[in-house]
Chemist: 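Dumping the structure here so I can ask a few things about it.
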Amino acid sequence: MSRDGDGRETQEGGAERTPHGYTDYEQARWTQNGTYEPLLSEKDSTRVEIGDDVDSPLPEGLTREELTLPQLSEPELARHYTRLSQMVYGIDTGPYPLGSCTMKYNPKFTEDVAALPDAAVHPDRKAETVQGTLEVLYRLQEYLGRIGGMDAVSLQPPAGAAGEFVGIRVAAAYHADNGGEERTDVIIPESAHGTNFATAALGGYDVVSLPSDEGGRVDLGALEAALSERTAALMLTNPNTLGLFERDITRIAELVHDAGGLLYYDGANLNALLGRARPGDMGFDVMHYNVHKTFATPHGGGGPGAGPVGVVSELAPYLPAPRVRRRGDGNDASYELFDPESTIGTVHGYQGNWLVLLKAFAYIARLGDEGLTDASAKAVLNANYLASRLEYEVPYGPFHHEFVASAGAQDAADVAKRMLDYGVHPPTTKWPEIVPEALMTEPTEVENKASLDDLAAAFNAVANEERETLERAPERTSARRIDQASAAREPRLSWHALEDR
Amino acid sequence: MSFDVPTDRQYLESHEWALETDGVVRVGITDFAQDELGDVVFVELPDVGEAVTAGDAFGVVESIKAVSDLYAPVSGEVVGVNDAVFDAPELVNDDPFGEGWMLEIDPSGDETDLLEAVEYEDQIA
């Protein structure tokens with residue numbers, strides 16, 4: 001390393017790093033007699049006898065005297081889990097450009113923060129004894145409100161989809177109080193995330209599907225035709241699923257509001273806008289935040305998540321109860337829980353998933369205004385740089401944080417399987433359907449130029465391969481082509497299936 | 001790629017077929033439909049005795065790629081259900097016009113716009 005004129009460290013030889021190509025990859029594959037690394041219970045199933053000399057206060061029917069438990073040494077156990085870890089792929093292994101999902105890297109320090117002893121707070125403690133916890137929650141409400149341009153935020157919904165549902169319930173409660181009982185329609189662009197349609201239907205609304213215009217954006221003529229006195233809301237993602245910014249958003253907001261409807265913002269693609277544009281300023285009335293996409297908390301995958309909801313002041317009285325508010329300022333500040341006056345009720349225990357929210361708070365606080373704006377800019381830059389390196393066509397643009405390439409004459413699903421052989425995770429495939437054989441790609445801000453070049457090399461290697469090669473893939477991974485039909489027809493969903501073997 | 005379009009029956013634009021035998025209308029999905037869907041993994045149908053309405057959805061077919069509604073060619077009462085496709089949904093892929101049939105309807109008179117084989121062939125060409 002040396003220092004340049006400004007005293008910054010520069011790398012000797014600058015661009016002399018290895019030229020980039022796809023990775024020569026071979027995933028570990030631990031199998032025995034044709035089956036994968038056995039389960040612990042398959043390695044050993046010793047009957048452990050407790051004996052009948054143990055006094056138990058439990059009724060006889062609830063106790064047993066022996067139990068089957070694997071009896072393994074520490075190295076056996078360590079090797080088991082190490083082998084399993086060698087047979088998986090994740091963001092700690094390589095890039096993960098799964099479009100629409102925003103699989104950005106979750107900095108490890110957020111785990112440290114969530115593991116602090118002070119973070120382990122019993123949810124039933126009295127407010128005056130957990131002022132620090134409440135302050136974090138209050139500040140997170142404020143941060144999210146400022147980032148989204150919203151007046152009030154509820155942290156309670158435990159997932160993005162739950163946030164959507166709360167947002168639509170809040171909109172319904174608002175309409176019910178404002179003579180809007182006849183509003184039965186929710187309008188959704190056909191390229192929207194599937195959750196939008198499900199949310200509207202679960203909320204009791206009729207879904208009105210909106211076609212895209214030739215450029216891949218909302219068709220204003222179709223929107224005007226769809227709007228009526230029955231319109232409860234338009235649900236919109238901006239940038240949309242093609243990564244395109246809805247340039248007519250202020251006109252769209254005007255049309256929806258003139259019809260008496262509300263404008264709902266799906267926060268899935270907020271990562272593209274941080275610090276530059278706010279849904280509230282565009283005219284949105286209610287939104288949810290996917291903190292796992294935008295603020296680096298873990299993707300739920302069925303585990304604890306968070307999907308906070310922000311609203312403009314007219315809708316604030318309907319938010320879930322309780323929320324956190326501050327009394328007094330400076331050294332006199334204190335924090336308390338309160339129920340919004342016309343609340344739709346409680347949608348999850350306490351404040352939602354506190355430790356997930358704490359990670360989002362830690363991420364926002366650490367990056368700050370400049371860091372968040374920079375992350376967003378790099379997400380957009382990375383998507384555009386990667387797209388510029390691909391041999392696949394990208395039919396719609398200009399795009400922001402993600403783009404949808406077309407695999408052309410190749411089958412997008414086969415392309416995805418083959419990309420695994422080059423040691424990268426493939427993009428989302430076959431969706432949105434507006435692009436034939438879609439490869440929906442979102443590298444996120446966390447990959448550097450070298451990593452993006454490697455990723456592009458993997459895409460381009462596959463782009464030039466024969467159909468037969470693609471159909472055989474993957475060949476270098478621990479698991480080969482999965483038989484999806486059998487998996488769906490005869491699902492094994494729990495360990496009970498082991499007993500049938 | 002060419003698909004079977006038997007001329008002994010009629011078709012819906014939504015890719016169902018209807019075959020009338022002795023006053024009962026048997027319904028299934030076409031070869032083209034099963035190919036578009038890919039491996040069928042689940043079929044949901046009404047029970048015998050239920051009423052179906054021409055042009056309305058009567059059931060659901062789910063594949064590894066998509067979930068689609070099934071539309072009734074005629075109105076009437078369900079008099080037969082092919083239980084075999086519940087246990088072996090692959091029948092829909094293997095033999096869409098035969099063993100992969102889904103429903104038998106005793107028609108009450110109303111029917112939706114039905115296409116002749118040659119017209120349906122044009123549609124999927």
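Just so you know, these numbers use all the heavy atoms, side chains as well, and skip hydrogens, waters and symmetry mates. Letters A, B, ... mirror the listed sequences (proteins, then strands); counts begin at 1.
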Chemist: Between B/Val41 and A/Ala485, what is the shortest heavy-atom contact and its length?
Modeler: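 Taking every non-hydrogen atom into account, CG1-O, 3.9 Å.
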Chemist: Quick check on A/Glu182: does its CD atom have over 12 non-hydrogen neighbours (other residues, nucleotides or ligands) under 6.0 Å away?
Modeler: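 Atom CD in A/Glu182 is not packed in, count stays at 12 or less.
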Chemist: How far does CG of B/Asp39 sit from CG of A/Asp483, to the nearest 0.5 angstrom?
Modeler: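 CG of A/Asp483 is found 7.5 Å from CG of B/Asp39.
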Chemist: State the CD-CZ distance between B/Glu62 and A/Arg489, to the nearest 0.5 angstrom.
Modeler: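 One gets 11.5 Å once the value is rounded to the nearest 0.5 Å.
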Chemist: Is the count of non-hydrogen atoms from other residues, nucleotides or ligands lying under 6.0 Å from A/Arg481 atom CZ greater than 12?
Modeler: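 Yes, because the 6.0 Å sphere around CZ of A/Arg481 holds more than 12 heavy atoms from other groups.
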Chemist: So for B/Glu90, is it side chain, backbone, both, or neither that comes closer than 4.5 Å to the heavy atoms of chain A?
Modeler: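 Both backbone and side chain.
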Chemist: Using the side-chain hydrogen bond (donor to acceptor under 3.5 Å, both in side chains) rule, collect all pairs that involve residues 75-89 of chain B, keeping only residues at least two apart or in two chains.
Modeler: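 side-chain hydrogen bond (donor to acceptor under 3.5 Å, both in side chains) check on residues 75-89 of chain B returns no pairs.
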Chemist: Has B/Glu99 got more than 12 heavy atoms of other residues, nucleotides or ligands less than 6.0 Å from its CD?
Modeler: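 For B/Glu99, atom CD is not crowded (no more than 12 foreign heavy atoms under 6.0 Å).
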